[in-house]
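Working notes, structure below.
These values consider heavy atoms only, across backbone and side chains, with no hydrogens, waters or symmetry-generated copies. Below, chains carry the letters A, B, ... as their sequence lines are ordered, and counting in each starts from 1.
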2 protein chains.
Amino acid sequence: MTTIDDVARAAGVSVSTVSYALSGKRPISAATRARIERAVRELGYRPHAGARALASSRTNVLALMAPLRVDVNVGVIMQFVTGVVTRAREFQHDVLLLTQDDLAGVDRVAAGSMVDALIMMDVEAEDPRLPVLRAQRQPSVLIGLPRDPGGLSCVDLDFEAAARSAVDHLSQLGHRSIALVGSPQAVLDRHTTYAQRMVRGFESEARRVGAQAVFEPCESSHAGAVDAVDRVLDRLPEVTALVVHNEVALPAVLATLRERGLDIPRDISLVAVCPQDVATGQPQPLTAVDIPALTIGGVAVDMAMARLERDEPAETRLLAPVLTPRATSAPARA
Amino acid sequence: MTTIDDVARAAGVSVSTVSYALSGKRPISAATRARIERAVRELGYRPHAGARALASSRTNVLALMAPLRVDVNVGVIMQFVTGVVTRAREFQHDVLLLTQDDLAGVDRVAAGSMVDALIMMDVEAEDPRLPVLRAQRQPSVLIGLPRDPGGLSCVDLDFEAAARSAVDHLSQLGHRSIALVGSPQAVLDRHTTYAQRMVRGFESEARRVGAQAVFEPCESSHAGAVDAVDRVLDRLPEVTALVVHNEVALPAVLATLRERGLDIPRDISLVAVCPQDVATGQPQPLTAVDIPALTIGGVAVDMAMARLERDEPAETRLLAPVLTPRATSAPARA
DNA sequence: CTAGCGTATCGAAGCGCTTCGACGATCGAC
DNA sequence: GTCGATCGTCGAAGCGCTTCGATACGCTAG
């Protein structure tokens, strides 16, 4: 292993000069810097991460807790993760991956000084990890919105507004009977707030525009989708529009509607709440409110860095929804 | 931050005694050990990862390079990752996540001593990362099979055998005209060997059992699936069985067959090569060769640890395929 | 001509841990 | 009663880096 000592010797300067040349924390003459850079290149020098962390109490690593179960929406999670990793790299940080259920992991990596900050996905209303996060000296950022952020930064899509904009869009097209096919019951029971915020926005906006509204949770499977659609048709036979907030069930929902003899958008309009690539990857491009997972992941990193580098206080950011009309929404028939 | 010094003082012993008590590398009397453990607990002591890495040249971190693009099969990747993270924890290791394209990342984390070993997914025949991996002092494990492993450990499903067992199963049911709907052309072009091994196994086994065989690549989209199915029906009108090795296109393939008036398994049998949960999560449970992604991820960690702890030499492990007959394969009609 | 300043560099301390060699005490064997 | 092992513990060195204070030098201002 080549160390900073080797570099210093090769460049004919002291160790501290090398350190300052590489970090830029003190002025170094152009000539000296050049000699050092040359030595670094020729020796293939890489600072030892552990030594650096020990001396500077900065690790240049971020922890990311991701739900690695298969029941949740894998695609969206992957995008969050990608967003985090990509943006982290732009800040010279690497990402340590923890599983959602690894409560002890938070303490291990934070108290053990393995990371500079933590990012946590899929937060629940009363998430048991929150107190643990608050106990650490490193800042953390939540993707999602607990009941009480209390000192932790949060970022998420404004699902309430997303639901409202979906209902609004449909209402403006003349629809008066709208159903929400949502997250699985288990997700609601878990008090994952995005699901609840979605329902709240849906119901309040329907009330405001004077539309009939029913909400049905939907398991993330083919059978679950069939069930949910049938329950909707049963509870609200005059339904002319659907808001679907369940990427996994989406294809099955579409298929079931078709099987029930309903044409989209002739008989029934549909607005999905899902990532853009899911919306455009279906047999029919879906009118949808985008879930900008990549962006959200990136913003989470930005927020972590803001606290780290300029120790800005914790804040909550809710991203405004963007609805893109595509092929699946049309005026209600008179 | 509480340090090992604090613990030593609290327990009334020297620093080295604390270290030995915690690592177990030298015998410590039960009484002393108890005092130390008590101090650790009361002070909430956590060893500083960087300091430990510096002193011991062990980081207890594994690097995992995962393809975080969306075009590949996200679900399977997630399972690999989960398998790796879960198993790594059993060896007291954490996982640092790198993106596939981050070639410099390999050098950064390995040469910078951030990790003890590297695991790389989605290996191509002539992967440009291989020389970089070979240049590091840390061992690496590939998930996949390059043309020349040359000193690197490899683990993967035996896709050639998987294809053979699928063809065999169909052949025994009397099918004589079999098509393989496979990976996207882009994956083949990239020389991802699992796709090639699949095709090779498919074609050789079809030849052996004397069945007609055609292979069609298939884009991972609805349109791509429709295309692929139509091309198959066009090239081999008498086809009675399909092997599908493309989880993303799977639902669309099933839907297209139905749309073309073909009933499964009455008119056409189907064997998928996909993770078990995908096979059983379809509208109809699929006869399938399991891709045991979780297991493979775990085995990758085992192999890394074997080299680390008992420095065993590099080896290649191909997991034997398991075909489970379900609802989509039936005897060919006479 | 000198006081004072900014610039470029150096030396040394210290970050928190592991590990090696040493040492006193205890014990069984002769 | 003595000798060597064995056991439990300690002290100190050292892992590779950052950072603080000091220093040396060349300037400019007065």
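- A close approach under 4.0 Å does occur between a side-chain nitrogen or oxygen of A:Ser29 and OP1 or OP2 of C:dT9.
- Here the P atom of nucleotide C:dA8 and the CZ atom of A:Arg35 are 14 Å apart, to the nearest Å.
- When heavy atoms are screened at a 4.0 angstrom cut-off, A:Pro47 is found touching the sugar-phosphate backbone but no base atom.
- Along DNA chain C, the nucleotide nearest B:Leu54 and the nucleotide nearest B:Lys25 are compared for position; the residue whose nucleotide lies closer to the 5' end is B:Leu54.
- No side-chain heavy atom of A:Asp127 sits under 4.5 Å from any side-chain heavy atom of A:Leu142.
- Remark on DNA chain D: of its neighbouring residues A:Ser16 and B:Ala31, the 5'-side contact belongs to B:Ala31, judged by nearest-heavy-atom nucleotide.
- Between B:Ser56 and the phosphate of C:dT18, there is no side-chain N or O to OP1/OP2 separation shorter than 4.0 Å.
- Listed pair B:Ser19 / C:dT18 meets the phosphate criterion, a side-chain N or O lying under 4.0 Å from OP1 or OP2.
- A side-chain donor-acceptor contact under 3.5 Å links B:Ser113 and B:Arg137.
- Straight-line distance from the CZ atom of A:Arg26 to the P atom of C:dT7: 13 Å, rounded to whole Å.
- Side-chain proximity of B:Ala55 to C:dC17, C:dT9, D:dT9: nearest is C:dC17.
- Neither OP1 nor OP2 of D:dG16 sits under 4.0 Å from any side-chain N or O of B:Ser113.
- Closest to the side chain of A:Val13, from the set D:dT18, C:dT9, C:dC10, is C:dC10.
- Taking only side-chain nitrogens and oxygens, A:Arg52 comes nearer than 4.0 Å to OP1 or OP2 of D:dT18.
- Looking at A:Leu308, A:Leu133, A:Leu118 one by one, the single match for side chain to side chain contact (heavy atoms under 4.5 Å, CB included) with A:Gln138 turns out to be A:Leu118.
- Under 4.0 Å is where a charged nitrogen must lie from a carboxylate oxygen, and between B:Asp102 and B:Arg108 at least one such pair does.
- Across the protein-nucleic acid pair, B:Ile28 atom CD1 and D:dT6 atom C1' stand 14 Å apart, rounded to whole Å.
- The shortest heavy-atom contact between B:Arg35 and B:Gly12 is NH2-O, 4.0 Å.
- Looking at heavy-atom distances under 4.0 Å, A:Thr32 makes contact with sugar-phosphate atoms alone, never a base.
- The nearest whole Å value for the distance from the CD1 atom in B:Ile4 to the P atom in C:dG14 is 19 Å.
- For the pair B:Tyr20 and D:dG11, the criterion of a side-chain N or O lying under 4.0 Å from OP1 or OP2 is not met.
- One can place NE2 of B:His48 at 8 Å from P of C:dC17, the figure rounded to the nearest angstrom.
- Following rounding to the nearest Å, A:Asp5 (CG) and D:dC15 (P) show an atom-to-atom distance of 9 Å.
- Residue A:Arg9 contributes atom CZ, which lies 11 Å from atom P of D:dG16 at whole-angstrom precision.
- For the pair A:Thr3 and D:dG16, the criterion of a side-chain N or O lying under 4.0 Å from OP1 or OP2 is not met.
- Rounded to an integer number of Å, the gap from CE of A:Met1 to P of D:dC15 is 11 Å.
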